[in-house]
2 protein chains.
Amino acid sequence: MSDAPDAKPVGAGRQLLFLREEELRLAQDLLFFGYRDFTAGPDAILAELGMGRAHHRVLHFVGRRPGITVGELLAILGITKQSLGRVLTPLVEEGYVTQQPGRNDRRQRLLSLTEKGEALERRLFERQREWVMQAYREAGPVAVEGFRRVMRGLMGPEARAQLDRASGGAPGSASGGAPGGKRSAA
Amino acid sequence: MSDAPDAKPVGAGRQLLFLREEELRLAQDLLFFGYRDFTAGPDAILAELGMGRAHHRVLHFVGRRPGITVGELLAILGITKQSLGRVLTPLVEEGYVTQQPGRNDRRQRLLSLTEKGEALERRLFERQREWVMQAYREAGPVAVEGFRRVMRGLMGPEARAQLDRASGGAPGSASGGAPGGKRSAA
DNA sequence: GATAATGTGTCAATGAAGCTGACCCAACAC
DNA sequence: GTGTTGGGTCAGCTTCATTGACACATTATC
C-alpha cells in the first residue's frame, strides 16, 4: 500500500514549468484540509484548558529553544509584542513558562518551560506525533522526504533561515539537496 | 536538546514505527511556516479589498463546484451557518457570487461565481500558482508526489472523502495507492 | 554624567473569523 | 395541515491578530 500502482495518474513529472490548473487546485485543497486536521488534535486539548493555538506555538518554540528572548520569539512567530503578551502573560502567570533576566543583558527576559509547561507541551506533542506518524507510515519514507522538500520550498526565505537556526545549525538536513532557494521574499 | 550528534541527516527511512522527536518537531515547523507563507500572497491581495482568508476559501470552493448549495459548502468548510453568512453575504452583495434557486428544490440557493468573482479568484490563484510552482520545481517531481501522499495522510477521513468528491470523482488520483486509511477520526 | 537607544510590559481600541442560541421564512414531504 | 429541511439573521461571546501610545529598566554612547 505504500507505493503507487502503475496508475501514475496526475503525473508529478508532467511539465512542471507550467503548473497545470488542477495541480494547484489540488495543492490548495491538500494544504487547507491537511493543516486543519493536523492542528485539530492539539486544539481540542488546548480548548479544555482555555487556551488556543497561539499558546501551543509559544510552548513549542520556547520548548525548542529554552532561554529564548522575547524579541527572538516575536521574530519567529511574526506577530506583534502586544499579541504575544496576551498569550505569554497568562502562560507565565499560570506557571507554564518562566522568565529569568539575561546574564549579559539584564533587560532581557529569557523564557523557558516549567515542568508543568513541559508536561503540557509533551501532551500536545504526543497527540500530533501519532497523527503524523500514521500519515508518514501510510506514505512511506520516500514520500516523507518529498513532503519535507516541498514544504520547505513553500516557506519564504526568512522562515527558512529561522528553521535552520532552530534546527540547531544543520541547514541542509531537511532539504537534502535543492539549496538554491532564491525566493523573491513573501 | 538542539544538538543531536548522532544525527546522520534526518533519515526519512530510519525507523518509522517510532517517529523520532526531532522528526515531528521538524514536521510541526514545516507545516506552520509553510502554510503561513503559502497563504501570505493571497492574504495581501485580499487585505486590499477588505477581505480575509475566509473569503478566499469561499471563492475557491464555489469556483471549483459552481452550483454548490450552501449546505454543501458548510460541510466542506466545517464552519457554522452564521460564520459563513458573515463572509458570503458581503460577497453576494458586492457581486462576486450569485445565488439562484435550485431547480429541483427551490429552497436551495445554488452558488456560483460572477465574472467579477472569477476574476478575483483567478488573481489569487495566479499568485499562489507561482509560489507553489517554484516550490515544486525546486523539489522535483518525486518530491511532489510524496508531498501529496503525506498531506493526504494528514487529513481526516471526512476531509479525504470531500477531497475525492471535489476532485471530480477520481478518488485515487492524488494518492496513488493507500486507500485503506482507517483513521480514527479527528 | 546626561542622553539616547533597546528590550520588555501594558493600556486602549479595532478588526477578522470563528462560536452558540434563538428565531424566522419559504419550500418540500407526509 | 403539520412537520421537517434549507437558508437567513439578530445578538452576544471568544480567540488571535492589529495599531498607537506610553512606561520602565538597562545598556550604550557622547
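Letters A, B, ... mirror the listed sequences (proteins, then strands); counts begin at 1.
Comparing dA17(D), dA27(C), dT9(D) by their closest approach to the side chain of Ala54(A) singles out dA17(D). Comparing dG8(D), dA17(C), dG18(C) by their nearest atom to the side chain of His55(B) picks out dA17(C). Of all nucleotides listed (dT9(D), dG9(C), dG6(D)), dT9(D) comes nearest to the side chain of Lys81(B). Here dG18(C) is the nucleotide among dG8(D), dG18(C), dC19(C) with the atom lying nearest to any side-chain atom of Val87(B). Distance from the side chain of Gln108(A) is smallest to dT8(C) among dG8(D), dT8(C), dT26(D).
Rounding to whole angstrom units, CG of residue Leu73(A) and P of dG9(C) are separated by 11 Å. Rounded to whole Å, the distance from CG on Leu91(A) to P on dT8(C) is 17 Å. Between the CG atom of Asp43(B) and the P atom of dA17(D) there is a distance of 13 Å, rounded to whole Å. Whole-Å rounding puts the Leu110(B) CG to dG6(D) C1' distance at 11 Å. Rounding to whole angstrom units, CG of residue Leu84(B) and C1' of dT9(D) are separated by 13 Å. As rounded to whole Å, 11 Å separates atom P of dA29(C) from atom CZ of Arg106(B). Atom C1' of nucleotide dT15(D) and atom CD1 of Ile79(B) are separated by 16 Å, given to the nearest angstrom. When the P atom of dA17(C) is taken as reference, atom CG of Leu88(B) falls 14 Å away, rounded to whole Å.
Judged by closest nucleotide on DNA chain D, Asp105(B) is the one of Asp105(B) and Arg53(A) placed further toward the 5' end. Residue-to-nucleotide proximity on DNA chain C shows that, of Arg109(A) and Gly78(B), the 5′-proximal contact is made by Arg109(A).
When all heavy atoms of Gly34(A) and Met151(B) are compared, the closest pair comes out as CA-CE, 3.9 Å. Between Glu121(B) and Arg25(A) the shortest heavy-atom distance is OE2-NH1, 2.7 Å.
For the side-chain contact (heavy atoms from CB on, under 4.5 Å) with Leu111(B), the qualifying choice from Thr69(B), Val97(B), Thr98(B) is Val97(B), the only one to do so.
Taking the six-membered ring where tryptophan is involved, the planes of Phe33(A) and Phe61(B) are tilted, since the angle between them lies from 30° to 60°.
Among the protein residues, Glu72(B) comes within range of no part of the nucleic acid, since none of its heavy atoms lies under 4.0 Å from any strand. Within 4.0 Å of Gly85(B), counting heavy atoms only, lies no atom of the nucleic acid at all. Residue-level contact check: Gly71(B) touches the backbone only, with heavy atoms under 4.0 Å from sugar-phosphate atoms and none from bases.
Taking side-chain N and O atoms only, Thr89(B) has a distance below 4.0 Å to OP1 or OP2 of dT9(D). OP1 or OP2 of dA17(D) has not a single side-chain nitrogen or oxygen of Thr80(A) nearer than 4.0 Å. Checking the phosphate oxygens (OP1, OP2) of dA17(D), a side-chain nitrogen or oxygen of Arg57(A) falls inside 4.0 Å.
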Quick one, Asp29(B) with His60(A), criterion side-chain hydrogen bond (donor to acceptor under 3.5 Å, both in side chains). Give me CA distance, side-chain angles, the key distance, then yes/no.
CA-CA 9 Å; Asp29(B) 290 350; His60(A) 172 75; 2.6 Å; yes
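In this model, no side-chain donor or acceptor of Gln82(B) finds a partner on the base of dG7(D) within 3.5 Å. Scanning atom types as modelled, one donor and one acceptor separated by under 3.5 angstrom connect the side chain of Arg86(A) and the base of dA17(D). Side chain Arg107(B) to base dT5(D): a donor-acceptor pair is found below 3.5 Å.
With 3.5 Å as the limit, one finds a donor-acceptor pair spanning the side chains of Glu138(B) and Gln134(B).
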